[in-house]
Amino acid sequence: MSDYESGRLNFDHKDVLMARAVGIDLGTTNSVVSILEGGEPTVIANAQGSRTTPSVVAFAKNGEVLVGEVAKRQAVTNVDRTIRSVKREMGTTWSQEIDGKKFSPQQISAFVLQKLKQDAEAYLGEKITDAVITVPAYFNDAQRQATKEAGTIAGLNVLRIINEPTAAALAYGLDKDKDQTILVFDLGGGTFDVSLLDVGQEDGHGFVEVKATSGDNHLGGDDWDQRIVDELVKRFQNGHGVDLSKDKMALQRLREAAEKAKIELSSQSETNINLPYITASAEGPLHLDEKLTRAEFQRLTADLLERCKGPFNQVIKDAGIKVSDIAHVVLVGGSTRMPAVTELVKELTGGKEPNKGVNPDEVVAIGAALQAGVLKGEVKDVLLLDVTPLSLGIETKGGIFTKIIERNTTIPTKRSEVFTTAEDNQPSVQIQVYQGEREIAAYNKKLATFELTGIAPAPRGIPQIEVTFDIDANGIVNVSAKDLGTGKEQTMTITGGSALPKEDIERMMREAESYAEEDKRRREEAETRNNADSLVYQTEKFVSENADKIPDDVKTEVNDSLAELKKTLEGTDSAAIRAAAEKLATVSQKMGAAIYAQSQPGGEAGAGAPGAGTTADDGQKADEDVVEAEIVDDEPKREEGK
């Protein structure tokens, strides 16, 4: 179990059996709340008797806030004051103004959470304050922060933010005796995740360990609905010459009809879409009456289905397993009921039939309730190991992205690296935090920048700056930088202002593949230049400290080689820099040989010359634990010598 220790969550809270905690699946289109009763999870029906609550918020003309089914019902006649699918905007600067007041995604989500909280309190007859809330596995730091803030606004103490596929696996895998690898394919209303997890028993403890995760935060059932809407708009315009997309009320009716048609086409081969009085022309009222077959629907949405393949293939690659190693496939999210999606999953997994033993609408909330039970001490002997979806690190000299925590690392986790300064008497270092997969920092997403000041005056390479990344169990990032000499420390939590849009994540992953070679070339060039620069510095320092011990002819030869390398460093030819550095390293060895020749047997020979036994590398530092990298204030940063 030693491999798990960094990710082990302390679940044995025997002293917190107080108020009960709920598990909440905060979805794009629908949300669900569940609670443990007698150790078994129960989905709580809302005041309208439904086990799922639409994630829709509306503001009535009199200012009343409507949530759920009542908000959805009045959407047609109150389009401008009805908000849906706000989950897609979590972690962004999106806002909507109603009656002169701006509402953020957190506030809108909080209305939905409040409704679920009230339904749970009515069912249980007691106050609810604690909750575990689920998010897509591919949610970034800003989106997780925003979700937690929504819970706080709703009056909930958010015990944990848990990934949706992990929750689904928890619900599915707790009673499994033998170890097995399961694939969770989660296609919801607005987001898509695919995760590979190991579930089973070890030493009498049930465990769920995430091996790899990938996804798309802007792919879901809403996109399939939109394709039907676009097709109906096109057909109506061709038939009547009226563009329904310009009519907000008509568009809302089309959206609702499209969602209904999509659901019907999951169980039948064709459906009729009939919307009387959809609009009016000079001749009078116009009606929409169209037939849509399953084949037409699948043709309209073929490219959306294709987008599901990328994350699946990525997760198989990251986990390093074969498709045949997958024991079971668990489908999550209402959108997985579409026959085309089920067929795609069977095709991708080599013909495996998806597990039919879980309700795709409720399994995530059930898993969240189980996790709440674990944290409250009601569920014992469960180990949950989740992962972070994207690599985190800092920019080091030369513009290199130095990863400190790799993607798919088990969380919670804490990693540190020790860096040093690049200039003599450098008083401060600027820490630039990035998230992504590219080798060059600028191609990744900058999350934050902060400065560590008060570094004691010292030659470059002497100060030791420890940079620590700490990801908590919610996937939220804390970064600190500490001068090990003075003890000065600067810490910051990456907050919601650092939103990573879905486009950025997708671009990072795509470009990491397509530009891998270019990144490698740039990194090698930067390393060649930095190693050469370091060799110049070390050689000049050695010559000045041992001038009286080095013969004039050797000193002249070394200075000539130094001048040649400095000149090549003014240009951009990496091959020339490498050749000049190798020449200087070779010539430098003569200094060491001359000094040793002068010394008496058993006497002190002095420090070895730079480059002795090396080429353009830096030479080994006394402290083996120090990563030989440099942080420069106000210029690009990169890792050096490793």
TODO: Under the side chain to side chain contact (heavy atoms under 4.5 Å, CB included) rule, collect the residues that match up with Ile44, sequence neighbours excluded.
DONE: Val33, Ile35, Ala120, Tyr123
- [ ] Apply side chain to side chain contact (heavy atoms under 4.5 Å, CB included) to Gln252 and list each qualifying residue two or more places apart in sequence or on a separate chain.
- [x] Ala75, Val76, Val79, Arg84, Arg255, Glu256
Per-pair distances, 0.1 Å, donor-acceptor, side chain in residues 183-198, under 3.5 Å, sequence neighbours excluded:
unit_1	atom_1	unit_2	atom_2	d
Asp193	OD1	Ala137	N	3.4
Asp193	OD1	Tyr138	N	3.2
Asp193	OD2	Ala137	N	2.7
Ser195	OG	Thr213	OG1	2.8
Asp198	OD1	Thr181	OG1	2.8

Task: With sequence neighbours excluded, residues passing side chain to side chain contact (heavy atoms under 4.5 Å, CB included) with Ala302 - done: none
Task: Residues that Arg73 engages under side-chain hydrogen bond (donor to acceptor under 3.5 Å, both in side chains), provided they are two or more places apart - done: none
- [ ] Using a strict cut-off of less than 4.0 Å between a Lys/Arg side-chain nitrogen and an Asp/Glu carboxylate oxygen, indicate whether Lys72 and Glu69 qualify as a salt bridge.
- [x] no
- [ ] Kindly write out the residues that satisfy side-chain hydrogen bond (donor to acceptor under 3.5 Å, both in side chains) with Thr29, not counting sequence neighbours, or none if the list is empty.
- [x] none
TODO: Kindly write out the residues that satisfy side-chain hydrogen bond (donor to acceptor under 3.5 Å, both in side chains) with Gln298, not counting sequence neighbours, or none if the list is empty.
DONE: none
Task: Contacts of Asp470 that satisfy salt bridge (Lys or Arg N to Asp or Glu O under 4.0 Å) - sequence neighbours left out - done: none
Task: salt bridge (Lys or Arg N to Asp or Glu O under 4.0 Å) partners of Arg51, counting only residues at least two apart - done: Glu362
TODO: Mind telling me whether Phe103 and Phe59 have parallel, tilted or perpendicular rings, with 30° and 60° as the class edges?
DONE: tilted
Open item on the list: Just to verify, what does Lys148 make a salt bridge (Lys or Arg N to Asp or Glu O under 4.0 Å) with, not counting sequence neighbours?
Closed with: none
Task: With Leu292 via side chain to side chain contact (heavy atoms under 4.5 Å, CB included) - residues at least two apart - done: Ile228, Arg235, Leu265, Thr271, Ile273, Glu296, Phe297, Leu300
- [ ] List for me each residue that meets side-chain hydrogen bond (donor to acceptor under 3.5 Å, both in side chains) alongside Lys246, sequence neighbours excluded, and say none if there are none.
- [x] Asp243
